[in-house]
Participant: 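Below: one structure in structure tokens.
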Number of protein chains: 2
Amino acid sequence: MEEQLKRILLVEDDPNFGTVLKDYLSMNDYEVTHAKNGMEGFEKFKRGDFDLCILDVMMPYKDGFTLAKEIREKNADIPIVFLTAKAMKEDVLKGYKVGADDYLNKPFDSEVLLMKIKAIMQRKANDTVADSKQFEFKIGGFDLNSKLRFLTYNGGEQVKLSPKENELLRMLALHENDLMPRELALTKIWRDDNYFTSRSMDVYIAKLRKYLKLDPNVEILNIHGEGFRLVVNQDA
Amino acid sequence: MEEQLKRILLVEDDPNFGTVLKDYLSMNDYEVTHAKNGMEGFEKFKRGDFDLCILDVMMPYKDGFTLAKEIREKNADIPIVFLTAKAMKEDVLKGYKVGADDYLNKPFDSEVLLMKIKAIMQRKANDTVADSKQFEFKIGGFDLNSKLRFLTYNGGEQVKLSPKENELLRMLALHENDLMPRELALTKIWRDDNYFTSRSMDVYIAKLRKYLKLDPNVEILNIHGEGFRLVVNQDA
DNA sequence: GTTTTTGTTAATGTAAGGTTAAAAGCAAGG
DNA sequence: CCTTGCTTTTAACCTTACATTAACAAAAAC
């Protein structure tokens with residue numbers, strides 16, 4: 001029953017309105033990333049892992065619709081809500097064509113926005129059956145219990161894992177014997193893909209290798225420039 | 001999957017507003033009982049079986065908070081929504097302490113109220129599944145009688161538990177060997193999740209650990225950032 | 001051979017949890 | 001009322017757990 005904080009990407013060029021809206025959403029338990037224009041919005045979108053996008057339609061350089069189209073190319077499922085000052089029919093239509101999940105005219109009641117967000121999230125949550133819910137893994141002689149965050153070797157003592165250790169090992173296990181792309185772990189676990197998070201991840205790979213040393217048939221291999229591979233030798 | 005008509009108790013002294021609201025809710029498929037003051041509200045509450053209470057805060061004789069407290073004594077789970085003209089901070093706090101599920105400032109958008117009601121009902125519906133009626137537990141060498149609030153070790157002396165000690169231990173026992181999320185205990189037992197209630201809970205965890213020290217096979221483990229785990233080693 | 005990427009260890013800063021004691025609430029009973 | 005005893009909260013201080021960053025070594029790519 002773990003409640004995951006929902007992440008929202010807010011792209012709004014009006015600094016006043018943007019900040020107020022961000023604060024309001026933050027107060028209501030959403031993790032908000034605020035981008036000040038379309039370019040920035042797309043960059044942040046690519047690097048983070050969001051649950052919902054709120055896009056202002058009227059922005060310099062890159063308008064909300066164009067941005068939405070780009071976002072849709074990367075992710076066909078993510079809910080998008082448009083903010084617009086104009087209640088023009090064509091605009092609304094254009095928005096829905098790009099795949100808007102909802103539409104709000106400025107100025108709007110912030111409570112209404114909140115309700116709509118909640119409704120959209122819920123709707124999506126029901127769809128998301130594909131979201132892997134596996135929390136127990138056998139890795140060679142190890143058992144990983146990813147819900148309670150511990151690892152045992154041959155039924156021995158339980159070693160506690162930190163949240164990051166746990167998620168990373170789980171992600172590797174989900175791709176056992178296969179490539180687990182760096183980018184995937186970084187966007188999903190660290191929720192940001194940059195130099196520092198990347199180094200942080202390497203630190204965690206080292207930690208995991210230390211735990212896994214107990215079983216000579218289990219190892220984490222690096223695929224240079226690509227990611228890592230959790231391999232289990234099943235001979236013996 | 002039979003749909004049961006939800007029953008709402010509406011306590012509102014303003015006859016105009018009360019009637020309008022009642023009609024509005026009725027139109028939206030709720031069965032509404034309208035009480036015109038606190039006394040009447042409590043009488044009707046005792047006699048009826050409601051799914052939700054909507055209480056006006058400002059009422060003659062008996063205000064909404066007092067009424068809420070009385071209702072809470074009879075039923076610790078029923079959702080309560082307060083209506084108030086004042087957006088005063090103290091009022092809000094007082095309300096949540098009594099166990100408010102939501103708060104609405106008059107005048108408000110009736111659509112918003114409707115959505116909130118829906119959301120609350122849904123939330124409660126999910127909780128109720130896990131809400132067990134078990135009141136006796138075996139925890140290693142201990143027996144917990146949660147109705148009479150005492151704990152015995154190997155049939156020895158009965159140690160009395162305070163209400164909070166009791167509820168917390170029961171909540172842990174309901175999740176034996178599994179994660180009992182911090183948030184769950186805080187929202188269910190303390191009815192509020194903030195820094196202080198959280199520290200309060202830690203104090204109670206310490207108390208329970210002291211009681212449970214008698215049996216070396218029983219312990220309460222912490223899962224950092226998640227919650228606690230009551231583990232029982234069943235080897236001997 | 002130089003640059004980029006990865007491996008590893010240690011240092012730092014922050015957040016969460018543990019512990020104890022004092023203060024505040026609260027419900028009898030005098 | 002005021003006290004008394006019990007429960008709960010608040011506060012202070014301490015310890016542990018985590019994640020990030022830095023620094024340097026090793027490996028791979030170019």
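Quick note on labels: first sequence line is chain A, next is B, and so on, each numbered from 1.
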Participant: Is there a side-chain contact (heavy atoms from CB on, under 4.5 Å) between B:Leu168 and B:Leu208 once you walk through the steps?
Facilitator: CA-CA 9 Å; B:Leu168 184 56; B:Leu208 291 181; 3.8 Å; yes
Participant: May I ask you to decide whether A:Arg149 forms a salt bridge with A:Glu165, counting only side-chain N to carboxylate O separations under 4.0 Å?
Facilitator: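 No.
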Participant: Indicate yes or no: does B:Arg182 engage B:Asp202 in a salt bridge with an N to O separation below 4.0 Å.
Facilitator: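 The answer is yes: the pair qualifies as a salt bridge.
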Participant: I'd like to know if B:Asp143 and B:Lys138 make a salt bridge, using a cut-off of under 4.0 Å between side-chain N and carboxylate O.
Facilitator: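 Answer for the salt bridge query: yes.
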Participant: Would you tabulate the nitrogen or oxygen pairs shorter than 3.5 Å linking the protein to nucleotides 5-8 of chain D?
Facilitator:
residue : atom : partner  : partner atom : Å
D:dT8   : OP1  : B:Lys164 : N            : 3.1
D:dT8   : OP2  : B:Ser162 : OG           : 2.2
D:dT8   : OP2  : B:Tyr204 : OH           : 3.1
D:dT8   : O5'  : B:Tyr204 : OH           : 3.2

Participant: Without decimals, in angstroms, what is the distance between B:Asp192 CG and D:dT9 P?
Facilitator: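 Between P of D:dT9 and CG of B:Asp192: 10 Å.
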Participant: Report the distance from atom CG of B:Leu186 to atom P of D:dT9, rounded to the nearest whole Å.
Facilitator: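 That distance rounds to 11 Å.
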Participant: Any salt bridge linking B:Arg47 with B:Glu43? Criterion: basic side-chain nitrogen under 4.0 Å from a carboxylate oxygen.
Facilitator: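 B:Glu43 and B:Arg47: not salt-bridged.
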Participant: For B:Ile117 and B:Ile8, run side-chain contact (heavy atoms from CB on, under 4.5 Å): C-alpha distance rounded to whole Å, both residues' side-chain angles, the deciding distance at 0.1 Å, then the answer.
Facilitator: CA-CA 10 Å; B:Ile117 290 176; B:Ile8 295 178; 4.1 Å; yes
Participant: Just one of B:Ile54, B:Asn37, B:Asp56 clears the side-chain contact (heavy atoms from CB on, under 4.5 Å) bar with B:Glu12, so which one?
Facilitator: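 Only match with B:Glu12 under side-chain contact (heavy atoms from CB on, under 4.5 Å): B:Asp56.
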Participant: So is B:Arg170 actually on top of B:Phe135's ring, under 6.0 Å and inside 45° of the axis?
Facilitator: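 Positive - B:Arg170 is close enough to the ring of B:Phe135 and near enough to its axis.
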Participant: Please list, for nucleotides 13-19 of chain C, all pairs of protein and nucleotide N/O atoms separated by less than 3.5 Å.
Facilitator:
residue : atom : partner  : partner atom : Å
C:dA16  : O4'  : B:His224 : NE2          : 3.3
C:dG17  : OP1  : B:Gly225 : N            : 3.0
C:dG17  : OP2  : B:Arg182 : NE           : 3.4
C:dG17  : OP2  : B:Arg182 : NH1          : 3.0
C:dG18  : OP1  : B:Arg209 : NH1          : 2.9
C:dG18  : OP1  : B:Arg209 : NH2          : 3.0
C:dG18  : N7   : B:Arg199 : NH2          : 2.8
C:dG18  : O6   : B:Arg199 : NH1          : 3.1
C:dG18  : O6   : B:Arg199 : NH2          : 3.0

